[in-house]
**Student:** 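Before we start, here is the structure in question, set down as structure tokens.
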Number of protein chains: 2
Amino acid sequence: MSRYLKARQDSLPPAVTNLAKQLVAAGYKVTAPRLAVLQAATAQTGAFNVQEIEDWLVQHGDSPGIASIFRTVKLLCDLNLLQRVHGLDDCHRYSLGAGHGHHVLCTRCGVLVRFDNCGVQELVQRLEQSTGFRISSHLVELFGLCPRCLAA
Amino acid sequence: MSRYLKARQDSLPPAVTNLAKQLVAAGYKVTAPRLAVLQAATAQTGAFNVQEIEDWLVQHGDSPGIASIFRTVKLLCDLNLLQRVHGLDDCHRYSLGAGHGHHVLCTRCGVLVRFDNCGVQELVQRLEQSTGFRISSHLVELFGLCPRCLAA
DNA sequence: AGTCTAGTGATACCCTGTGTCAAATACAAG
DNA sequence: CTTGTATTTGACACAGGGTATCACTAGACT
């Protein structure tokens, strides 16, 4: 176990130590900059971009170089611990969470709900037949207003 | 009718004059740079990015400034005559065609098939109930191999 | 012809990243 | 604890996609 993880394990949220352990499991080291990005990411509500991570880190002590933040985000994406969130315009946001995830995004406040069962299997079958494609992956994102913004 | 459109109408593909007429209908002028971009766009097979439009224009005579190409692409998007195509990584491609369109993309050769009925109404209802969101729009893109790339 | 507005092109700039490379450091082995 | 080595960092240059600015131009209207 890494020096950082060992030293600070008790003071870290479980979500952070969980992610850190997955880094270790994948053969990567748990360093101070990486832990910092993990903390910042788990502290966000909903989707975030790299700028927001950096801002959070600057506010809470100090921030590693922007390059390291980008590298960590990329690493987490590659390890499938972070998902890219596709907005209608903005495609530069990320959301914590593993696996095949889709999102419902509030277009007003940005809050985000993940869901897994997107029910496109039928559509995929229909299109494979009509187009002859072999479809292997998909992107499904929904946009609207969250309950709070609806009320306001 | 614009000077450009009048002068070249007979030598232009119908798809181009159609788009040009929609520009006019929306209160925009049909200028040489805009016509050129329309020609380039209709000449592409599948999705294209701004660079490809510029390359095509450079090869076929000359190209307006890159800024005008971006402006025209943005205008066509705003008028809903051009759709942004979201890839898993690459979100900087566009596809001609009006309305609520989705795409099946070949991840190998880039060829693209549009479809309209994406059958997410049921999913939308389910999620509106479970999350309390009012869902107003969505993004559905499928990825795989086209018949030709499957055979190869 | 004179004026007015939409549109153009050149260029500077912004944002999101990536490549490079010397310096730092995590971790394991001794 | 010290050493060795591969990984990681940070600073910075650079790339790609796109927008802002602004002087200038082309058409439209009188």
Side-chain angles (χ1 to χ4, degrees), chain A residues 1-9 20-21 23-38 40-41 47-55 57-58 61-79 82 84-94, chain B residues 1-8 20 23-38 40-41 47-55 57-58 61-79 82 84-94:
Chain A
M1 184 179 291
S2 97
R3 161 180 143 193
Y4 290 109
L5 199 48
K6 213 181 303 183
R8 299 162 67 180
Q9 183 162 221
K21 280 173 188 166
L23 282 185
V24 173
Y28 294 95
K29 298 180 179 172
V30 176
T31 62
R34 283 177 180 163
L35 259 192
V37 171
L38 291 180
F48 51 84
N49 62 26
V50 171
Q51 189 59 57
E52 286 160 357
I53 294 291
E54 199 195 13
D55 291 347
L57 288 169
V58 168
D62 71 342
S63 174
I66 191 75
S68 289
I69 302 179
F70 273 111
R71 278 190 287 239
T72 304
V73 165
K74 185 174 187 332
L75 178 60
L76 294 172
C77 280
D78 290 349
L79 294 177
L82 201 60
R84 187 165 186 174
V85 177
H86 291 255
L88 286 173
D89 306 314
D90 181 9
C91 292
H92 303 282
R93 301 183 79 76
Y94 303 87
Chain B
M1 186 178 292
S2 97
R3 162 182 147 191
Y4 292 108
L5 197 50
K6 212 181 304 185
R8 299 161 69 180
L23 282 186
V24 173
Y28 294 94
K29 298 180 180 172
V30 176
T31 61
R34 285 177 178 163
L35 257 193
V37 171
L38 291 180
F48 51 84
N49 61 26
V50 169
Q51 190 58 59
E52 286 161 358
I53 293 291
E54 198 194 14
D55 291 348
L57 288 169
V58 167
D62 70 342
S63 173
I66 192 76
S68 289
I69 301 179
F70 273 111
R71 278 190 287 240
T72 304
V73 165
K74 185 172 187 335
L75 177 61
L76 294 172
C77 281
D78 290 348
L79 294 177
L82 200 60
R84 187 165 185 177
V85 177
H86 289 254
L88 286 173
D89 305 314
D90 181 10
C91 292
H92 304 281
R93 303 182 77 75
Y94 303 88

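Numbers restart at 1 for each chain; the letters A, B, ... are given by sequence-line order, proteins then strands.
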**Student:** Calculate the interatomic distance between A:D62 atom CG and D:dG10 atom P; express it in whole Å.
**Tutor:** 9 Å
**Student:** In whole angstroms, how far is the P atom of D:dC22 from the CZ atom of B:R71?
**Tutor:** 14 Å
**Student:** Between atom NE2 in A:H92 and atom C1' in D:dG18, what is the gap in whole Å?
**Tutor:** 10 Å
**Student:** Within the structure, does a side-chain N or O atom of B:Y94 lie under 4.0 Å from either OP1 or OP2 of D:dG18?
**Tutor:** yes
**Student:** Please check the phosphate of C:dT8 (OP1 and OP2 only) for any side-chain N or O of B:Y28 closer than 4.0 Å.
**Tutor:** no
**Student:** Whole Å only: how far is the NZ atom of B:K29 from the P atom of D:dT25?
**Tutor:** 16 Å
**Student:** When you measure from the side chain of B:R93 to the backbone of B:G87, do you find a donor-acceptor pair of N or O atoms at a distance under 3.5 Å?
**Tutor:** no
**Student:** For A:R34, report the nucleic acid contact type (base, sugar-phosphate, nothing); a contact means any heavy atom under 4.0 Å.
**Tutor:** sugar-phosphate
**Student:** For the atom pair CG (B:D78) and CZ (B:R71), what is the distance rounded to the nearest 0.5 Å?
**Tutor:** 13.5 Å
**Student:** Short question: side chain of A:R84, backbone of A:C91 - any donor-acceptor pair under 3.5 Å?
**Tutor:** yes
**Student:** Rounding to an integer number of Å, can you tell me how far A:F48 CZ sits from C:dT16 P?
**Tutor:** 14 Å
**Student:** Measure from CZ on A:F70 to P on C:dC15 and round the result to the nearest Å.
**Tutor:** 11 Å
**Student:** If you compare every side-chain N and O of B:T31 against the phosphate oxygens of C:dT8 (OP1, OP2), does one of them come in below 4.0 Å?
**Tutor:** yes
**Student:** Whole Å only: how far is the CD1 atom of B:I66 from the P atom of C:dC14?
**Tutor:** 20 Å
**Student:** At what distance, to the nearest 0.5 angstrom, does NZ of A:K74 lie from CG of A:L79?
**Tutor:** 10.0 Å
**Student:** Determine: side-chain N/O of B:S68 to OP1/OP2 of C:dG9, distance under 4.0 Å, yes or no.
**Tutor:** yes
